[in-house]
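Single-structure report; data block below.
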Amino acid sequence: MSKTIRLTMAQALTRFLARQMTEIDGKTLPLFGGVWAIFGHGNVAGIGEALYQVRDDLPTFRAHNEQGMAHAAIAYAKANFRRRMMAVTTSIGPGATNLVTAAALAHVNRLPLLLLPGDVFANRIPDPVLQQVEDFGDGTVSANDCLRPVSRYFDRITRPEQIIPALNRAMQVLTDPAECGPVTLALCQDVQAEAYDYPESFFDERVWRPRRPQPDASELDAAVAALKGSRKPVIIAGGGVLYSEATATLKAFAEKHGIPVMETNAGKSSLPHDHPLNMGSVGVTGSSASNLLAEQADVVLAVGSRLQDFTTGSWALFKADDVKIVGLNAQAFDAGKHRALPLVADAKAGLEALEARLDDWKSPDAWVATAKAAKTDWLTAAKAVTDPTNALPSDAQVIGAVHRARGSKATLVCASGGLPGELHKLWPAGAPGSYHMEYGYSTMGYEIAGGLGVKLAKPNDDVIVMLGDGSYMMMNSEIATSVMLGKKLTIVVLDNRGFGCINRLQMATGGANFNNLLKDAKHEVLPEIDFAAHAASMGAVARKVASIAELERALKEAEADTKTSVIVIDTDPLISTDAGGHWWDVAVPEVSSRKEVNAARKDYEQKRKMQHLVN
Ligand SMILES: Cc1ncc(C[n+]2csc(CCOP(=O)(O)OP(=O)(O)O)c2C)c(N)n1
Ligand SMILES: [Mg+2]
C-alpha cells in the first residue's frame, strides 16, 4: 500500500493545486498564480481554512466582486498565453452565480479558469440552507448548475475521494490547447470539511508543458496543395498564434512565402504593427488594406481563429469564387468551420509542417506589391483620424494621444463599447501579447479587473486600461483592489455620457435615439457623474482632462505615479472611424412604422446577398 495522508477534501484540493507546476523559459514556476476568494457560507470554513494552510505556496487574493475576480483570473491566464492560471472560490448562491458571465467569457475565449464555488450539503440534513435554490422536481439541482453550459468540465464533489479523479480531469482540460476553458468543481460544503486518507503520490509535484499536436498527413497534403495553387494567399492570425507562441514562426513563414497577414482582435500583436506584411485588423473593424486583400484572396489560411462574425464580415468578406479556407487550429471544431480544409494542429507545429513542404513556393511579387501599397494608404487614413483637432475628441483621437504618450511598449487592455473596433483598427501594437482585447464575449466590466490580472501576470509591464463610461459604471470596484495590492494600472475613461456604440448601431439600423445615451433615457435629472471623484474615493490618483493635449500631459505624469491612476476625458458619442471596416449582420425589422427602419431594411436585404454559407 502506498503511504497516505489524512486531510480534508479542501486541504487535499489546495495542496494539490500548490504542487502543479509549469515551465517557462527553462524555469519551473507554480502553474496556479493564486486563488481569488470571497468567503461566505459554503467556503469560509472548508476551503478558507485549507487556503490558509498553503498561503506561502499558493497565495489567496481578496477582491470585491466574484465576477471581477474571475475576470482577473482569466486575464492572468490570457496574459500568460495560457501557460499559467488562477482559481476562484466563492460562497454558495449569489457568490457562485456571480461567476456565470465570467465563465461564459472564458468559455468563448478558450481560456483556462478554475472555478471552485461552494455548494449545498451533500448529506442534505440542514436543507434548505441559506441561499439554497430548491427545485421542486429535481433534488440534485443547485445554483451551481447554471455554470454547467459555460464550463468545459463540470463536477460536483459529494464525497471526499471524488476530488482525485475530478482534479485529474480538471487538469487535462485546463492544460489542453483544444479543450481549454473553464472548469467548475462545485464543492459541497460538508464534503469540503470531511477527511479522507489520500495517497501521498497524489501530491507529487507535476510539471505541465503545452501539448503541440502535429498535423495529420492527409490534411497536410490538402493544405499544401491549396497553398501551392494559390496566387492571392492571405493569413488570418487569431489568438491561437499567441497562445501557441508561434509569432516568430509566423513571421518567418509569411516573409518566406510572401503572404500578407491580417489580425483578429484576439490575434493582434502577432506581428509588430510596422512589419511590412502586417496589414492590420481584418473584417468588420478591419483596415482597408486587410479587407481589400481578403476580398480578393483565393486561399485564406486561418491560424488559431474561431472565425467569428467580426472576422469574416458575417461571412460576406471573402468574395473570390474559388476562395478556399484552410483552418489551422488545435480544435477540430474550429478547423473545419465553414467547410474549411481542416489542418488540426498546434499553430506553431502546423506552420512548421507547412513550411517543410512548401519548398520555394511564393506568392507573385505583384500580390505583395498590392499589399504594401494598400498598407500605405491605410496608414494615411489612420493618421488622419488619430491626429488631434479642436473639436470634442473622438475615441480615435484619444487612442492617438495614448499611443503618443506611452507608445507600443505599453500593454493595452480593453473589452467593450466603441473602443474595441477603434483600437483594432488604430492601435499600433508592439510585442506579442501587448494588445489584450477581450472581444470574444466583449464583456462590459472586464477591463479594470482584467487589467489587474494582466498586471499580476506581468508586473513590469506598463498596463493601460481603456474603457467607456458605461463599462466603468458596470464594474469598477477592482480599482480598490489594484491600489490595495500595489498593482499599478493607468485607466483612461472615455466619458461620452452613455452607450455610444449601441446608439450609433441603433441609428444605423433606422432606430430612434432611444435608451442608450443618458440624455435619451427616461430621467428626472440628467446624471453628471464625477468619475474622477469616484476613482479618487477608492484610492486612485484621479485626473479629469479637458483636451487631447491635457490628456497627453496627464498620461506622461501618470507614468510616474506609483499607484493606479484614472484619467477621465469627455468624448463625442457620435464619431467612429469610417475608414476601413466591413458590413456586419445585425438584423433589421422587416416591418416598422418608422420610414428610417424600412429604408435600413431595404439596404439590409441588399447586403445580405453578399453572404454565403459555402464558398
Ligand atoms: C455586460 C454587457 N452588457 C451589455 C453589453 C452590450 N453593449 C456593448 S457595448 C455597450 C455600451 C458600452 O458603453 P460604454 O462603455 O460607455 O462605451 P461606448 O459605447 O460609449 O464607447 C453595450 C450596452 C455588453 N457588451 N456587455
Ligand atoms: Mg460611453
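Remember, it's 1-based here, ligands and their atoms both numbered in the order they're listed.
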Contact check: [X] vs ligand 1, nitrogen or oxygen atoms, below 3.5 angstrom:
X	value
Phe499	no
Ile502	no
Tyr441	no
Met474	no
Asn496	yes

Heavy-atom closest contact (Pro573 atom, Arg497 atom, distance):
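For Pro573 versus Arg497, the nearest heavy atoms are CD-NH2, 4.2 Å.
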
So which atom in Asn43 and which in Ile38 form the shortest heavy-atom distance, rounded to 0.1 Å?
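Smallest heavy-atom distance, with atoms named: ND2-O, 3.3 Å.
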
So does Met473 have more than 12 non-hydrogen atoms from other groups sitting under 6.0 Å from CE?
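Open.
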
CG/Asp135: more than 12 non-hydrogen atoms of other groups inside 6.0 Å:
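Yes - once you tally the heavy atoms of other residues, nucleotides and ligands closer than 6.0 Å, there are more than 12.
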
Has Leu467 got any heavy atom lying under 4.0 angstrom from an atom of ligand 1?
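Flag not set, Leu467 not near ligand 1.
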
I'd like to know if [X] and [Y] make a salt bridge, using a cut-off of under 4.0 Å between side-chain N and carboxylate O.
X	Y	value
Glu557	Arg543	yes
Glu605	Arg601	yes
Lys607	Asp585	no

Among all protein heavy atoms, pick the one closest to [atom] and tell me residue, atom and distance.
atom	answer
atom 15 (O) of ligand 1	Ser471 N, 2.9 Å
atom 18 (P) of ligand 1	Gly500 N, 3.6 Å
atom 14 (P) of ligand 1	Gly470 N, 3.5 Å
atom 25 (N) of ligand 1	Ser442 O, 2.8 Å

Identify the residue among Thr386, Thr389, Leu426 that makes a side chain to side chain contact (heavy atoms under 4.5 Å, CB included) with Gln397.
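In the set Thr386, Thr389, Leu426, the residue that makes a side chain to side chain contact (heavy atoms under 4.5 Å, CB included) with Gln397 is Thr389.
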
Hey, what's the ring geometry for Phe310 with Tyr439, parallel, tilted or perpendicular (30° and 60° as the breaks)?
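Taking Tyr439 first and then Phe310, their aromatic rings stand perpendicular (interplane angle over 60°).
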
If you measure from atom 26 (N) of ligand 1 to every heavy atom of Met473, Met466, Met475, Met444, which option wins on shortest distance?
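Considering heavy atoms of Met473, Met466, Met475, Met444, the nearest to atom 26 (N) of ligand 1 sits in Met444.
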
Counting heavy atoms only, name the option from Pro573, Gly417, Gly421 that's nearest to atom 17 (O) of ligand 1.
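Shortest heavy-atom distance from atom 17 (O) of ligand 1: Gly417.
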
Give the numbers and elements of all ligand 1 atoms closer than 4.0 Å to a heavy atom of Cys501.
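Ligand 1 atoms under the 4.0 Å threshold to Cys501: 9 (S), 18 (P), 19 (O).
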
Residue Gly418 vicinity, atoms of ligand 1 by number, heavy atom under 4.0 Å:
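Close to Gly418: 18 (P), 19 (O), 21 (O).
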
For the residue pair Thr264 and Ser305, confirm or rule out a side-chain donor-acceptor distance under 3.5 Å.
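The criterion, which ignores hydrogens and geometry beyond distance, is not satisfied for Ser305 and Thr264.
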
Checking one value in my table: which N/O/S atom of Asp469 lies closest to the Mg ion (ligand 2)?
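Minimum-distance N/O/S atom of Asp469 relative to the Mg ion (ligand 2) is OD1.
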
How open is the angle at the Mg ion (ligand 2) from atom OD1 of Asn496 over to atom O of Gly498, rounded to 10 degrees?
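That angle works out to 90° after rounding to 10°.
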
